[in-house]
**Q** 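Just dropping this structure here.
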Amino acid sequence: MSDIRLSLPDGNEKRLPAGITGLGIAESIGPRLAKDALAIKLDGRLQDLNLPVDQDASIAILTFDSPEGHEVYWHSTSHLMAHAVKQLFPRAKLAIGPAIEEGFYYDFDLERPFTPEDLEKIEKKMAELAKAATPVTRKNISKADALAFFINRGETYKVELINELPDETISIYEQADFADLCRGPHVPTTSKIKAVKLLSIAGAYWRGSEKNKMLQRIYGISFPAKEKLDEYIARLEEIKRRDHRKLGKDLDLFSISEESGGGLVLWHPRGALIRKTIEDFWRDEHQKNGYDFVYSPHVGRASLWETSGHLSFYRENMYSSMDVEGQEYFVKPMNCPFHIMIYKNKLRSYRDLPLRFAELGTVYRFERSGVLHGLLRVRGFTQDDAHIFVAPEDMETEVVQVIAFVVKMLRTFGFDDFKAYIATKPEKSVGDDSKWEQATQALKVAADKAGLAYELDEGGGAFYGPKIDIKIKDALGRLWQCSTVQFDFNLPERFDMNFIGVDNQAHRPYVIHRALLGSLERFFGMLIEHYAGAFPVWLAPVQAKVLSITDRQLDYAKGVRDKLLAAGIRAEIDTRSEKIGFKIREAAMDKVPYILVVGDKEVEQNAVAVRERGGKDLGAMPLEAFMTGISDLIKNKRTTTELTRG
RNA sequence: GCCACCGUAACUCAGUUGGUAGAGUAGCUGAUUUGUAAUCAGCCUGUCGUGGGUUCGAUUCCCUCCGGUGGCUCCA
């Protein structure tokens, strides 16, 4: 048999006999690689390790250390789980079981609900099946054979899927008596699956449509090494520890009361103080960036929402109407129509543009009870909204400015890692192609100029215009969507908006919707989780807490507190007759950035003993020095608690 | 809304052949005057989410509704 030439990722070339398997190739490179190998990539196409390679190709051996490796591994684990489920619950019907971003799931149709105990049993069975090192093999069969095969097994969901496949040859994967319809690739043997944890059971509609039957979905995760799984589980615990709902309660930031209504946030004094600090900063920055502030009502006449199109396109998210002297009114789900009303209140000239109307506008949207989630998904929220009315020729300059503004704002809150998504024209849309092209291009240019890497979401735009969404990466590497900048070709038409151009003719302005933080509720929730409740000094509701050691320092401690307050530093005092360790414990649990202990020594030296958040004892320093240091951090919105001394 | 699980004191949670409830924390009172993450003692705390059913008797078993959690769909 003749040799084939394989080029490796490192640029080297290897000659091997044609027909060698992917595993064989991996072995020829090294035993370690062969052990870690999950699949092989041939000219960019993934293939099973136990299949032959017949032609010259550029190859790469896929291991767990890549997103594609994760996918193969998790997908194979989902098969293993389905295998185990079929053994334990032969009546369960298979639906689908893909790999997802973190782990995998498989949907089953089974009369009796799965219980947490079932998960343990399934995990055990999976370990058994993995240990048995059953080979996983691919079989290509005709569509007719595949149909017969799955009909015979009573796998009606698979039959439905096969019927919709265009190909005449169908691939199925088998491991022992288990078989699944699958494109592959898969690991060559079940023994590759080492450490598995089944995480949760959830309902999921067949094919995601609520018209279909509700199936049972089991989520899980797996890793080639137990340590990796342990790390993952530790991460889940960390996520739980940072949960903004828990921290919101512990730190007394906000609550949501059953009595006043789900999805409606009650901001407690400390949370409200943080919000106010964010808002003050937000307003200052908007003023500097040429925005005008506006305020608009919470309700508006039906005719307004008819003109805007909300009643035809957004009604399912709006609360039912109220009757005002025979006129129908609606609570606002968005601010834009009001801002447009302000624009239209007088004739605008090209000299007025761009006009930037900004409002912390509270909107209400109907969300189904099942989707509400702490601060992240609510029914009433305040958008840091603005609408920019701009002449077409200035659009690009404007977008560049907006994106730069977004980035600056987010960086101040301590986020440096962003991911941008530009969504382009969907199938159903308004506005001609040239407009879309121009606006999409402007978004790309703006992202480039701001140094933002972006991905294109082809066809993902709203029907009224393209948009860019910016996601923030938090301390745990999770992505959160906050900022959005959207073009709107629809509203200017609907409201017949105009401005008078240099040519003394009426022209249509562009409307750009934009939110930097998204909603104050969601942003706050995200901030809580990002900082695990330990906010930067400028945001912390209490910035310094003065603790007296005995009653002898009472007056001095009060004096310190008053001086701090006078300097604009949010300070509190604890003069209870408790031991210092106790008071420190409480202040530390409140995540106060600085604890100032005052005893006889400090009184004598006009000093404070500073304990930084995290437990670092800085010892005694003159009160003035502390105040200078903390004021500097606050003024510059630093995210560190490290005082610059001197 | 749908599926699963859950709902006991302000908070975290115990409470099995069905006999009207308990711990820690917090709170309050008092003692203690304390040097870097829990001083001690005493006191208080409940329509056992709601409504109904079964039963002599229900926190416990059954049903309804409300709310929460994890998902599905959607999204700031």
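Chain identifiers are assigned alphabetically (A, B, ...) following the order of the sequence lines, protein sequences preceding nucleic acid strands; residue numbering begins at 1 within each chain.
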**Q** Taking only the P atom of each, what is the distance from B:rG35 to B:rA10 in whole angstrom?
**A** 36 Å
**Q** Is it true that A:T575 and A:S548 share a donor-acceptor pair across their side chains at a distance under 3.5 Å?
**A** no
**Q** Using a 4.0 Å heavy-atom cut-off across all strands, classify A:R368 as base, sugar-phosphate, or nothing.
**A** base
**Q** Quick one: does A:I122's side chain get under 4.5 Å of A:L198's, heavy atoms only?
**A** yes
**Q** Would you call the rings of A:H530 and A:F415 parallel, tilted or perpendicular, where under 30° means parallel and over 60° means perpendicular?
**A** tilted
**Q** Applying the Watson-Crick and G-U wobble criteria at under 3.5 Å, what pairs with B:rA41? Answer none if nothing qualifies.
**A** B:rU29
**Q** Rounding to the closest angstrom, what is the interatomic distance between B:rG67 and B:rG51 at atom P?
**A** 16 Å
**Q** Applying a 4.0 Å non-hydrogen cut-off, can you work out what A:D250 is touching in the nucleic acid: base, sugar-phosphate, or nothing?
**A** nothing
**Q** How far does the P atom of B:rG7 sit from the matching atom of B:rG15, given to the nearest Å?
**A** 11 Å
**Q** Taking atom C1' in both B:rC2 and B:rU45, compute the distance separating them and give it to the nearest angstrom.
**A** 39 Å
**Q** Is atom CD of A:E604 surrounded by more than 12 heavy atoms (other residues, nucleotides or ligands) closer than 6.0 Å?
**A** no
**Q** Roughly how far apart, to the nearest Å, are B:rG27 and B:rU64 at atom C1'?
**A** 37 Å
**Q** Would you mind telling me which residue lines up with the more 5' stretch of RNA chain B, A:R245 or A:V378, judged by nearest nucleotide?
**A** A:R245
**Q** May I ask you to say what A:Y219 touches in the nucleic acid, namely base, sugar-phosphate or nothing, with a heavy-atom cut-off under 4.0 Å?
**A** sugar-phosphate
**Q** First contact, last contact: which nucleotides of RNA chain B are these for chain A, 5' to 3', heavy-atom distance under 4.0 Å?
**A** B:rG1 to B:rA76
**Q** Using a 4.0 Å heavy-atom cut-off, does A:E602 contact any base of the nucleic acid, only the sugar-phosphate backbone, or nothing at all?
**A** base
**Q** In terms of side-chain heavy atoms, does A:T550 have a donor or acceptor partner in A:Q553 at a distance below 3.5 Å?
**A** yes
**Q** Within the 4.0 Å heavy-atom criterion, would you say A:Y205 contacts the bases, only the backbone, or no part of the nucleic acid?
**A** base
**Q** Taking it one step at a time, do A:E160 and A:W206 satisfy side chain to side chain donor-acceptor pair (under 3.5 Å)?
**A** CA-CA 11 Å; A:E160 188 177 328; A:W206 168 235; 3.2 Å; yes
**Q** A:E316 near the nucleic acid: base, sugar-phosphate alone, or nothing, with a heavy-atom cut-off under 4.0 Å?
**A** nothing
**Q** Under 4.0 Å between any heavy atoms, over every strand shown, what does A:G203 touch: base, sugar-phosphate, or nothing? Just pick one.
**A** base
**Q** Write down the partner of B:rG19 under the Watson-Crick or G-U wobble criteria, each distance required to be under 3.5 Å.
**A** B:rC56
**Q** Under 4.0 Å, heavy atoms only, any strand: does A:K249 hit a base, just the sugar-phosphate, or nothing?
**A** sugar-phosphate
**Q** Under 4.0 Å between any heavy atoms, over every strand shown, what does A:I580 touch: base, sugar-phosphate, or nothing? Just pick one.
**A** sugar-phosphate
**Q** Check whether A:S429 reaches the backbone of A:F463 with its side chain - one donor and one acceptor, N or O, closer than 3.5 Å.
**A** no
**Q** With both distances under 3.5 Å as the test, what is the Watson-Crick or G-U wobble partner of B:rG7?
**A** B:rC66
**Q** Give one of base, sugar-phosphate or nothing for A:A588, where a contact means two heavy atoms less than 4.0 Å apart.
**A** base
**Q** Could you please name the partner base of B:rC2, counting Watson-Crick and G-U wobble pairs only when both distances are under 3.5 Å?
**A** B:rG71
**Q** Going by atom types only, do A:S519 and A:Q383 share a side-chain donor-acceptor pair under 3.5 Å?
**A** no
**Q** In the strands shown, is B:rG35 matched to any nucleotide by a Watson-Crick or G-U wobble pair with both distances under 3.5 Å, and which?
**A** none
**Q** Can you check the distance between B:rC11 and B:rU50, where both ends of the measurement are the P atom (answer in whole Å)?
**A** 15 Å
**Q** Could you work out the separation of B:rG46 and B:rC66 based on their P atoms and round it to a whole Å?
**A** 28 Å
**Q** Take atom P in B:rC61 and the same atom in B:rA14, then report the distance between them in whole Å.
**A** 15 Å
**Q** Could you tell me whether A:R514 and A:E359 make a salt bridge, using a distance below 4.0 angstrom between a side-chain N and a carboxylate O?
**A** no
